[in-house]
Amino acid sequence: MKHIGSTLTIILGVLAIVAGPYIIGSGGDPLVYIDSGVQMILGGIAYQLAKKRKSGEVPNTLLLKISEGILIFSVASISYFRHDMAFALRSEPFPTVIIPAWIFVAYLIVAMKKKGTD
């Protein structure tokens, strides 16, 4: 498997979304898990697209770059455009800061590589 890290990220995202409704009984906020899952799925897809584009598996088109940008912007918008951002930073730092930062750093690393390098 060539893209095992991003594939595992997508799988974790799906599991987080599925687990969200089950958190209601424990007193937790299910939206935190659902938001985190969506972020991981979108980030994993953006990473895979960038990696395939840089390795030459798919053509390096403007449409693909725009798609990646939309996916990354969506990850950011889930966390950073919340109405309760100050509360979320204090109560839920992992899905609010750490997951998006992890996605952005991983994406930037692959997006800044020279074409054809692994």
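- Both V38 and W102 belong to a common hydrophobic cluster when Ile, Leu, Val, Met, Phe, Trp and Tyr are linked at side-chain heavy-atom distances under 4.5 angstrom.
- A single hydrophobic cluster is seen to contain both V18 and I41, as judged by linkage of ILVMFWY side chains at heavy-atom distances under 4.5 Å, directly or through other members.
- Closest approach of M40 to A16, counting heavy atoms only: CE-CB, 4.1 Å.
- Between the CD1 atom in I70 and the CG atom in L42 there is a gap of 11.5 Å [rounded to 0.5 Å].
- Residues L108 and Y47 do not share a hydrophobic cluster, clusters being chains of Ile/Leu/Val/Met/Phe/Trp/Tyr side chains in contact below 4.5 Å.
- In this structure, the side chain of T96 does not engage the main chain of P93 through any donor-acceptor pair within 3.5 Å.
- Minimum heavy-atom separation, P59 to R53: O-CG, 4.3 Å.
- Within the model, atoms CG of L71 and CD1 of I66 stand 12.0 Å from one another, a figure rounded to the nearest 0.5 Å.
- Atoms OG and CD1, on S6 and I11 in that order, are 10.0 Å from each other to the nearest 0.5 Å.
- Side chain of K54 to main chain of K113: a donor-acceptor pair is present (N/O by atom type, distance under 3.5 Å, no hydrogens or angles).
- To the nearest 0.5 Å, the span separating CD1 on I17 from CG on L12 amounts to 11.5 Å.
- Summarising the geometry, atom CG belonging to L15 is positioned 13.0 Å from atom OH belonging to Y33; distances are rounded to the nearest 0.5 Å.
- Summarising the geometry, atom CD belonging to Q39 is positioned 12.5 Å from atom OG1 belonging to T9; distances are rounded to the nearest 0.5 Å.
- Contact check for I103 versus I72: side-chain heavy atoms found under the 4.5 Å cut-off.
- Put simply, the side chain of S79 never gets that close to the backbone of A76: no donor and acceptor are under 3.5 Å apart.
- Side-chain heavy atoms closer than 4.5 Å link hydrophobic residues (I, L, V, M, F, W, Y) into clusters, and following such links, even through other members, never connects Y107 to I109.
- Using a 4.5 Å cut-off on side-chain heavy atoms (C-beta onward), K52 and L64 make no contact.
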